[in-house]
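Just below is one structure, and these are the notes that go with it.
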Amino acid sequence: MVHNVLVQGDFKFAPVKESDVSREMTTRYMQDLIDHADADVVIVGAGPSGLSCAYELSKHKNIKVAIIEASVAPGGGGWVGGQLFSPMVVRKPAHEFLDELGIAYDEKENYVVVSHAALFTSTLISKVIANGVKLFNATSVEDFIIRDGVVSGVVTNWALVTKAHGTQSCMDPQVMESKIVVSSCGHDGPFGATGVRRLVEVGLLDKMPGMRALDMNASEDAIVALTREIVPGMIITGMEVAEASGTARMGPTFGAMMVSGRKAADLVLAKLNKSV
């Protein structure tokens, strides 16, 4: 057994060619890009709402789903609670999603507490990928494909290339066409609400009100209620809903992210004429 070999000091890895390692990584990644140049659904943002949406869609194996995430590490704000404190608070009845995922929590009267938010986020990420959803991290959505007022896909580039625009000569992007785009870009910050902001820039929306001050009780209900197809071909979910609708900031509770993402998936399935 490996453990015994380690103790005896005779452990040795199997030989490998460096070129084989590079070839495996390159061919498999490029094949994923080729396969998802046309997708059924592209989800922009791998935070709690985007991942929850992807999880629901992954139950339908015939739906091709890609998630585009600008950061190297997916998960968005789901790695910690508030102010870098690790526990995650989830108001009932959203805790039923934790039950489905098999995540333990401490029970309170109106909410539950997960000991560390990373337990939720890592579990959800692993299930989404294991279920066949393709995650393209360190990749930015620079724009949308829009035909006759309908969002029909996304324009992508490596996130590091996006950051370098203006410092080098032209570095054109590539595209993923899709039947539906789900925008879950979150609130404020460097990537916040970039989907809705672009819709305003191109004239498909009149304005983006921006989210108001914190009110957990008002915000979570509103975020779920206003999760919707904001323009033809694009559904918004999570904190981007607050930015697009002028609802209150949610703060460090995560139930609305889960429920909003799952509602977005239901809206996607209805548009694809699949049974929920």
Side-chain angles (χ1 to χ4, degrees), residues 3 32 40-69 71-137 182 184 186 216 219-221 223-224 227 235 237-241 250-270 272 274-276:
H3 178 70
D32 285 342
D40 294 313
V41 187
V42 170
I43 300 172
V44 185
S49 57
L51 289 169
S52 296
C53 178
Y55 173 78
E56 288 299 314
L57 293 175
S58 73
K59 297 175 182 178
H60 301 262
K61 300 303 181 185
N62 57 333
I63 298 177
K64 187 188 294 185
V65 182
I67 309 179
I68 311 296
E69 170 54 49
S71 296
V72 172
W79 291 111
V80 293
Q83 200 167 319
L84 302 182
F85 299 154
S86 56
M88 172 181 279
V89 175
V90 178
R91 294 165 63 199
K92 297 178 179 179
H95 72 296
E96 294 172 358
F97 188 41
L98 301 177
D99 293 335
E100 181 175 334
L101 295 174
I103 296 172
Y105 51 75
D106 294 328
E107 183 104 26
K108 300 293 182 178
E109 183 177 0
N110 294 324
Y111 59 88
V112 302
V113 184
V114 179
S115 62
H116 199 301
L119 181 60
F120 165 76
T121 304
S122 60
T123 300
L124 188 54
I125 291 170
S126 65
K127 288 183 180 293
V128 163
I129 295 174
N131 286 351
V133 173
K134 291 300 178 183
L135 169 65
F136 297 93
N137 49 326
V182 177
S184 57
M216 291 180 183
S219 178
E220 289 208 277
D221 290 341
I223 286 170
V224 173
T227 297
I235 293 166
T237 183
M239 289 309 300
E240 191 163 13
V241 175
M250 191 178 73
T253 56
F254 285 81
M257 299 299 94
M258 303 171 191
V259 179
S260 174
R262 301 182 87 181
K263 179 181 177 180
D266 287 349
L267 295 173
V268 168
L269 293 170
L272 293 176
K274 307 292 182 181
S275 59
V276 177

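Taken to the nearest 0.5 Å, the OH atom of Y111 stands 10.0 Å off from the CG atom of D106. Interatomic distance, T123 OG1 to L101 CG, rounded to the nearest 0.5 Å: 7.0 Å. The OG1 atom of T121 sits 9.5 Å away from the NE2 atom of H116 when rounded to the nearest 0.5 Å. To the nearest 0.5 Å, atoms OG1 (T253) and CZ (R91) are separated by 6.0 Å. Separation of atoms CG (D221) and CE (M250) is listed at 11.5 Å; rounding is to 0.5 Å.
Residues meeting the side chain to side chain donor-acceptor pair (under 3.5 Å) test with T237, sequence neighbours left out: S260. Here K61 pairs with nothing under the salt bridge (charged side-chain N to carboxylate O under 4.0 Å, His left out) rule; sequence neighbours left out.
Listed for the S184 side chain is a donor-acceptor partner under 3.5 Å among the backbone atoms of V44. A distance-only check finds a donor-acceptor pair linking the side chain of E220 to the backbone of G255 [under 3.5 Å]. One N or O on the side chain of N137 and one on the backbone of V72 form a donor-acceptor pair closer than 3.5 Å. A donor-acceptor contact shorter than 3.5 Å links the side chain of W79 to the backbone of P74.
In terms of heavy-atom proximity, V224 sits nearest to K263 at O-NZ, 2.9 Å. The two residues P48 and G75 make their nearest non-hydrogen contact at CD-O, 3.6 Å. Taking each heavy atom of L51 and I125 in turn, the nearest pair found is CD1-CG1, 3.6 Å. In terms of heavy atoms, V241 sits closest to I223 at CG1-O, 3.8 Å. Residues I103 and F120 approach most closely at CD1-CA, 3.5 Å, considering heavy atoms. Considering all non-hydrogen atoms of both residues, P252 and M216 come closest at CD-CE, 3.4 Å.
Aromatic pair Y55/F97: ring centres closer than 6.0 Å.
Between I67 and V133, the closest side-chain pair of non-hydrogen atoms falls below 4.5 Å. Contact annotation: the side chain of V128 never approaches that of L135 to less than 4.5 Å [non-hydrogen atoms, C-beta and beyond]. Annotation: side chain of M258 is in contact with side chain of L98 (closest heavy-atom distance under 4.5 Å).
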**Request:** Please step through side chain to side chain contact (heavy atoms under 4.5 Å, CB included) for the pair L272 and V41, ending with a clear verdict.
**Result:** CA-CA 10 Å; L272 293 176; V41 187; 4.1 Å; yes
**Verdict with reasoning, V268 to D40, per side chain to side chain contact (heavy atoms under 4.5 Å, CB included)** = CA-CA 10 Å; V268 168; D40 294 313; over 6 Å; no
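Salt bridge status for E100 with K127: absent, with no side-chain N to carboxylate O gap under 4.0 Å. Ion pairing between a basic and an acidic side chain is recognised when a charged N comes within 4.0 Å of a carboxylate O; K92 and E107 show such pairing.
Just one residue in the list V89, L119, D99, V90 forms a side-chain contact (heavy atoms from CB on, under 4.5 Å) with Y105, and that residue is D99.
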